[in-house]
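Inspection log for the structure reproduced underneath, given as structure tokens.
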Amino acid sequence: MQIGFIGTGSMGSILVEAFIQSGAVSPEHLVVTNRTARKAEQLAESYPGLQTARSNKEAASGSQLLFLCVKPMEFKAVIDDIRDVVTPDTVVVSITSPVQIRHLEKLLPCKIAKVIPSITNYVLSGATLCIYGERMTDEDQARLELLLSHISAPIRIREEHTRVSSDITSCGPAFLAFFVQKFVDAAVAATGISETEATQLAAEMTLGTGRLLTTGGFTPASLQQRVSVPGGITAEGLRIMQKELCGVFDDLIRTTHAKYDEDVEKVKARFFSP
Ligand SMILES: NC(=O)C1=CN([C@@H]2O[C@H](COP(=O)(O)OP(=O)(O)OC[C@H]3O[C@@H](n4cnc5c(N)ncnc54)[C@H](O)[C@@H]3O)[C@@H](O)[C@H]2O)C=CC1
Ligand SMILES: O=C(O)[C@@H]1CCC=N1
């Protein structure tokens, strides 16, 4: 099967590399293209056998599975390029949350899926959020999820939960990294521990906490309870976080959703305005 990628910026190239590194796909089965051709050529230089296409149309024709890894406002141009070469059997995957499946189904005569990846897929972990259009058969869905399972835990979600789910899985690594950075900065400022040492400690802690919450049988609540020795130090720290962070996540979700709603409208206008 030929798998095409249109857009090899940050996320497109992460997905290409993750599929190859995981052994899910051999470079010979991949064809990539990018508006700035150099970005696609660099991937081909790193992975002998990987093909580059000179246009979006060329990448799309002959690809049974086609990932569109461009930003929301860049979708219209790509769709116009590929509309005439995709077939009813082609599976087109959008990795962009504000582009609605029903709109893609109107604009393209093929099967449509939305898969929201995460930078965590680069290290073959984290989730990929899967949402399917009406033309995707059970077999299409199973085949796509089998591929994604090499680089992630594919998780099916409802399209109306795209934003909030993606806040957690795709934006979440940046939010968690912010938390780690602030923790490290404070540790360095208060005690003189080196930034490198504190970052290493925090990174190991983050990895271990992720394991406890995935395979370790803990929930966020039970983990806090288990670490907090009655009358001990953790409880004092948690008390500060309760006080200082109250409302932060409500604000965060409100803000990401407002930006998302704006993007959905802009994309829709670009798709359907004369
Ligand atoms: N970066 C992340 O962690 C995640 C990103 N996403 C989504 O992925 C999408 C892409 O994001 P990034 O890769 O970060 O952006 P990016 O800007 O790094 O990559 C987009 C690429 O598309 C290329 N491009 C633009 N118009 C094109 C066209 N007409 N034909 C061919 N190539 C074209 C650009 O040259 C660029 O290399 C966004 O919608 C984003 O929301 C989703 C999940 C996670
Ligand atoms: O910042 C963004 O818009 C994208 C969406 C998910 C992660 N990054």
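Order of appearance sets the numbers: ligands from 1, and atoms from 1 within every ligand. The figures that follow rest on heavy atoms only: side chains count, while hydrogens, waters and symmetry mates do not.
At the shortest separation from atom 5 (C) of ligand 2 among protein heavy atoms lies C171 SG, 4.5 Å. Taking atom 6 (C) of ligand 2 as the reference point, the nearest protein heavy-atom neighbour is S170 CB, 3.5 Å.
Residue pairs meeting the side chain to side chain donor-acceptor pair (under 3.5 Å) criterion with at least one member in residues 64-79, sequence neighbours excluded, are K76-D80.
Contact record, P72 with P98: CG-CG, 3.8 Å, taken as the closest heavy-atom pair.
A salt bridge between R102 and E105 is absent, with no side-chain N of the basic residue lying under 4.0 Å from a carboxylate O of the acidic one.
Residues satisfying the side chain to side chain donor-acceptor pair (under 3.5 Å) test with R163, not counting sequence neighbours, are S97, S166, D167. The side chain to side chain donor-acceptor pair (under 3.5 Å) check on S10 picks up nothing, with sequence neighbours excluded.
In terms of modelled atom types and a separation under 3.5 Å, the side chain of N121 and the main chain of S125 share a donor-acceptor contact.
More than 12 heavy atoms of other residues, nucleotides or ligands sit less than 6.0 Å from atom OH of Y132.
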Enumerate the pairs of nitrogen or oxygen atoms, one from ligand 1 and one from the protein, separated by less than 3.5 angstrom; state names and distance to 0.1 Å.
from: ligand 1; atom 1: 13 (O); to: S10; atom 2: N; distance (Å): 3.3
from: ligand 1; atom 1: 13 (O); to: M11; atom 2: N; distance (Å): 2.7
from: ligand 1; atom 1: 17 (O); to: K71; atom 2: NZ; distance (Å): 3.3
from: ligand 1; atom 1: 18 (O); to: S10; atom 2: N; distance (Å): 2.9
from: ligand 1; atom 1: 26 (N); to: R35; atom 2: NH1; distance (Å): 3.4
from: ligand 1; atom 1: 30 (N); to: N56; atom 2: ND2; distance (Å): 3.0
from: ligand 1; atom 1: 32 (N); to: R35; atom 2: N; distance (Å): 3.0
from: ligand 1; atom 1: 35 (O); to: N34; atom 2: ND2; distance (Å): 3.1
from: ligand 1; atom 1: 37 (O); to: G9; atom 2: N; distance (Å): 3.4
from: ligand 1; atom 1: 37 (O); to: N34; atom 2: OD1; distance (Å): 2.8
from: ligand 1; atom 1: 37 (O); to: N34; atom 2: ND2; distance (Å): 3.3
from: ligand 1; atom 1: 37 (O); to: K39; atom 2: NZ; distance (Å): 2.8
from: ligand 1; atom 1: 39 (O); to: T96; atom 2: OG1; distance (Å): 3.0

